[in-house]
Structure formats: structure tokens, C-alpha cells
Amino acid sequence: MAKRVLVSGGAGYIGSHVTVELIEAGYEVVVADNMSNCDMTCFEGVKKITGREDIPFEQIDCCDAAAVEKLFTDYKIDAVIHFAAYKAVGESVAEPIMYYRNNLVSFLNILESSKNHGGCNVLFSSSATVYGEAEKLPVTEQTPRLPATSPYGNTKQMCEDILRDTVKATAAYGAEVNAGAQQLGPVKGIALRYFNPIGAHPSALIGELPRGVPNNLVPFITQTAIGKRECLSIFGNDYPTEDGTCLRDYIDVVDLAKAHVVAVSRMLDGKMKEDYEIFNIGTGRPVSVYELVNAFEKVNGLKLNYKFAPRRPGDVVAIWADTQLANNELGWKAERSVEDTLAAAWAWEKRIAGK
Ligand code: UFG
């Protein structure tokens, strides 16, 4: 029987792309989402792309321990991919309690139920933010994490540590499950540290749906191009980089989604080398903000209204991934060009604008 993967936060931007790839790889999926930062657009898109009308969807909040327990009782879950979290850096500085409560409690509940139901394989959605302003680039998984500069970043570091400690503590638990009864079992874990996910599915049926003014660069670009925003501000052109703008590692969301499938298979097929593993998920290719804006204009044949503006507080100058570990160990590599990704982002923006 096909293995079942619980995708928490599966109706959101990355979660919906991962759900598609899991289904296309032959997994069964159950999507859980409290819909706090999305609507049903992407879940409906997932059903269209996969031709599967019957994907189980549970509208629950992972901060509700009883609801998570019920999920693990109702479904036999072989692996969890945990996305359900708040993700806006600035908002986390203003509302730290809300961020710590939501991001930590939901993950603790997932881990608790995982160990109580015979053990589970847990993939945590982490971020390159854990590296901060790294001294040496590109960053490898061994690059030391620096103290987080926002509560959001701190929750990513803390959840990585909580997963590591849980894996260690549960390693010796027996894995047999009695029908219906709870049985302690080992938790195995992988943390994927994403760089900058951008783009949309080539079908343009799923993509990013930011609420309000986008914080991230690509949705701000596409909303400016469509006329929803007047002008893109490029935050800082006096950084110590070639063109003065920040460098990032922009990874296509479908490539990123595929990395999850490979990582989940590694856990389910017993291929892990350690019970807790960390992988950088990026392209290994630094691209400046200015280069990205130019590439968007070129590939989509349009002019973008933009201006240079002061630096944004909290931005690191440059970060990109050393992807060797993911390439060699997972046998996964980012494949899509930045141009194709930007064309997909634009196709998605046009689709949601009805153009
Ligand atoms: N940028 C602009 N104008 C904008 C938006 C962004 O110039 O309107 C610039 C930023 O200054 C930065 C680059 O575009 O140089 C990328 O910014 P994003 O906000 O898209 O992405 P970040 O690299 O800041 O954020 C990413 C993830 C976060 C994570 C953060 C940690 O999206 O989840 O890395 O560094 F917390």
C-alpha cells in the first residue's frame, strides 16, 4: 500500500507544490491547514493538476493538540512534512509571542503525536535564515548558525533543535503499534534549509498568494508588473557586491518541492545515514536583486517601474548555498533556470489577475 504523508500547512504556497509532487510520485497525502494565511485556491489547483478530487483535507490548527492526535488516530501516517508556521520576519519582531506560540506549539504537537503513534518520519521546513550573515560563502550545512535576528528566525533554529533532541531521545523506543492503541516509537528527522523559494507551477494553477503588501521580492515584482503596486523599491544599492544590491540563492518552488519527495523517500526507504539530517536546498547560484529584476523584464518582455531605496533593516548582504550534500546524498539538484522560474511567476500573477 502506498505510504501516507501528512502535509501540515499543505494548502499554502510551498505545501501545495509539495503535495502535487508527492502525489505524482505515488504517495498518499493528507493535507492539514488552518487556512490562517491562505484560501482554497491552491488546494483546488492541486486537485486539478493531479486529477485527484479525493485528497483528504482536514481544516485543523496544529496548535490544537487534540486535533493533531485525532489526525494521527484517523490516518495511518508514515511521514510528516511540517510547513504550518508563520513566516513574516517583520511581523515576528512586532508579535514575538504570537510567533513563538504558533511555530513552536504546532511543531511540538506534531512531534508528540509522532512518537505516540509508533514513531514517524518528520521533515521540518527550515530556512537559510539560520546562517545569518555568514562569514564564508557559500554556506555548507556545517557553517555555524548565528544568533537569530528575529523571532521568526529563532523559531526555525529552535524547531531544528527540538527535532534533533526528539530524534535522540526516542531512538531506542520500540516501533510496534498495537491496533488502535498508542505505542511509543522512534522519530526520525530531516531539516531542509530553504534558500529563497520563488516561482509557481508551470500549469499556473498554484503559486504564491501573499495577503496584503508582499514582503518578498518576486511577488512584489509581479504585482508591480500587473499594476497592483506602483513601484518596486530595491532596498539598498550600496552593498559591497558587484552591482551594489544583495545576493540571494533563488530556488524554483517546483525544484524545492521535488527535494521534499526525495527526502521523504530517503526516510521511508531506510536510506538515512543518521537519524537526524540537515540539507541545504538551493541552487548554489548567487543572483543580485538587480539581476533578478533585469531577468524578469527580459524574459517577460516588459519594463518594470522600480527605484533604488534605502537598505531594509535586517537584510544580510549575501547568502547562497553549497549544495554538494543535497546533490550527492539526496541525488537531487535544482534544474530550472531563473528565467523559466520568473516566467512561471508572471504567468501565475496574470492568471490570478484574470488576464
Ligand atoms: N527586496 C527588495 N524589494 C522588495 C522586497 C525585497 O529590494 O520589495 C530585496 C531584499 O532587500 C533582499 C532580496 O530582495 O535583498 C530578497 O528579499 P526577500 O524578502 O524576497 O527574501 P529574504 O532573503 O529577505 O527572505 C528570505 C525568506 C525569509 C527568511 C529570510 C531570512 O523569504 O523567509 O530569507 O534571510 F526569513
Side-chain angles (χ1 to χ4, degrees), residues 9 12-15 37 83 85-93 96 99 103 124-134 137-139 143 145-160 191-199 208 210 212-225 228-253 256 280-283 285-296 304-321 338 341-342 345:
Y13 172 45
I14 302 175
N37 195 30
F83 292 109
Y86 294 151
K87 61 169 188 178
V89 179
E91 188 183 47
S92 80
V93 175
Y99 267 67
N103 292 9
F124 176 64
S125 156
S126 191
S127 164
T129 192
V130 302
Y131 297 115
E133 184 87 70
L137 291 165
V139 290
T143 299
R145 294 185 327 190
L146 293 179
T149 53
S150 72
Y152 159 78
N154 209 14
T155 67
K156 290 295 175 196
Q157 297 202 358
M158 290 164 94
C159 285
E160 284 191 353
L192 297 184
R193 292 177 177 160
Y194 314 152
F195 284 70
N196 287 57
I198 61 165
E208 199 166 1
V213 183
N215 293 308
N216 296 116
L217 179 60
V218 170
F220 207 105
I221 290 177
T222 56
Q223 288 196 6
T224 306
K228 262 197 203 167
R229 313 270 155 217
E230 216 161 277
C231 182
L232 167 77
S233 292
I234 295 183
F235 299 135
N237 63 342
D238 56 352
Y239 283 103
T241 60
E242 211 158 292
D243 63 24
T245 66
C246 293
L247 298 173
R248 292 290 183 276
D249 183 336
Y250 296 96
I251 167 140
D252 184 273
V253 68
L256 176 72
N280 282 343
I281 303 298
T283 65
R285 168 192 67 202
V287 174
S288 78
V289 175
Y290 190 59
E291 281 172 333
L292 197 85
V293 168
N294 283 326
F296 180 83
L304 195 71
N305 196 17
Y306 67 84
K307 62 174 187 222
F308 292 110
R311 294 180 177 193
R312 184 172 70 174
D315 274 341
V316 299
V317 179
I319 184 153
W320 68 95
V338 112
T341 302
L342 291 171

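When a ligand or atom number is given, it counts from 1 through the structure's own listing order. Keep in mind it's a predicted model, so treat the numbers as computed, not measured.
A donor and an acceptor atom, one from each side chain of Y131 and N280, are located under 3.5 Å apart. For the residue pair Y194/S125, the side-chain donor-acceptor check at 3.5 Å is satisfied. No side-chain donor-acceptor contact under 3.5 Å links Y152 and E91.
For atom 34 (O) of ligand 1, the nearest protein heavy atom lies 4.0 Å away or farther.
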message: Set out, in order, the CA-CA distance, both residues' side-chain angles and the distance that settles side-chain contact (heavy atoms from CB on, under 4.5 Å) for N215 and V89, then state yes or no.
response: CA-CA 9 Å; N215 293 308; V89 179; over 6 Å; no

message: Quick one, R229 with N305, criterion side-chain contact (heavy atoms from CB on, under 4.5 Å). Give me CA distance, side-chain angles, the key distance, then yes/no.
response: CA-CA 9 Å; R229 313 270 155 217; N305 196 17; over 6 Å; no

task: Step by step, work out the side-chain contact (heavy atoms from CB on, under 4.5 Å) result for R145 and R193.
output: CA-CA 12 Å; R145 294 185 327 190; R193 292 177 177 160; 3.6 Å; yes

task: Evaluate side-chain contact (heavy atoms from CB on, under 4.5 Å) for L217 paired with I234, printing each intermediate quantity in order.
output: CA-CA 9 Å; L217 179 60; I234 295 183; 5.9 Å; no

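When heavy-atom distances to ligand 1 are checked against a 4.0 Å cut-off, V218 has no atom that comes that close, whether in backbone or side chain. The part of R248 lying near ligand 1 is the side chain, judged by heavy-atom distances below 4.0 Å.
Closest to atom 19 (O) of ligand 1 by heavy atom, among R312, K156, R229, is R312. If you check each of F220, Y239, F308, F235 against atom 1 (N) of ligand 1, the one with the closest non-hydrogen atom is F235. Around atom 9 (C) of ligand 1, the closest heavy atom drawn from V317, V289, T129 belongs to V289.
Using the six-membered ring where Trp is involved, Y290 and Y306 have ring planes that are perpendicular, over 60° apart on the 30 and 60° scheme.
Inclusion of L217 in the set of residues having an N or O under 3.5 Å from an N or O of ligand 1 is warranted. The distance criterion of under 3.5 Å between nitrogen or oxygen atoms is not met by S127 with respect to ligand 1.
Looking at N103 and Y86, their side chains come closer than 4.5 Å, going by heavy atoms from C-beta outward. Counting heavy atoms from C-beta outward, R248 and F195 have side chains that stay 4.5 Å or more apart.
Shortest contact from atom 11 (O) of ligand 1 to any protein heavy atom: D315 OD2, 2.5 Å. Closest to atom 22 (P) of ligand 1 among all protein heavy atoms lies N196 ND2, 3.6 Å. When hydrogens are left out, the protein atom nearest atom 36 (F) of ligand 1 is Y152 CE2, 2.7 Å; that is the closest non-hydrogen contact. When hydrogens are left out, the protein atom nearest atom 32 (O) of ligand 1 is N216 ND2, 3.1 Å; that is the closest non-hydrogen contact.
Atoms of ligand 1 found under 4.0 Å from any heavy atom of C246, numbered from 1 in the order shown, are 15 (O). Applying the 4.0 Å criterion to heavy atoms of V89 picks out, from ligand 1, the atoms 36 (F). Close contacts between ligand 1 and N215 involve ligand atoms 5 (C), 19 (O) [criterion: under 4.0 Å to a heavy atom]. Near I234, meaning under 4.0 Å from one of its heavy atoms, ligand 1 places the atoms 7 (O). The ligand atoms of ligand 1 that sit less than 4.0 angstrom from a heavy atom of Y250 are 13 (C), 16 (C).
Under a 4.0 angstrom heavy-atom cut-off, S233 registers as being in contact with ligand 1.
The number of heavy atoms from other shown groups lying within 6.0 Å of CD (E133) is above 12.
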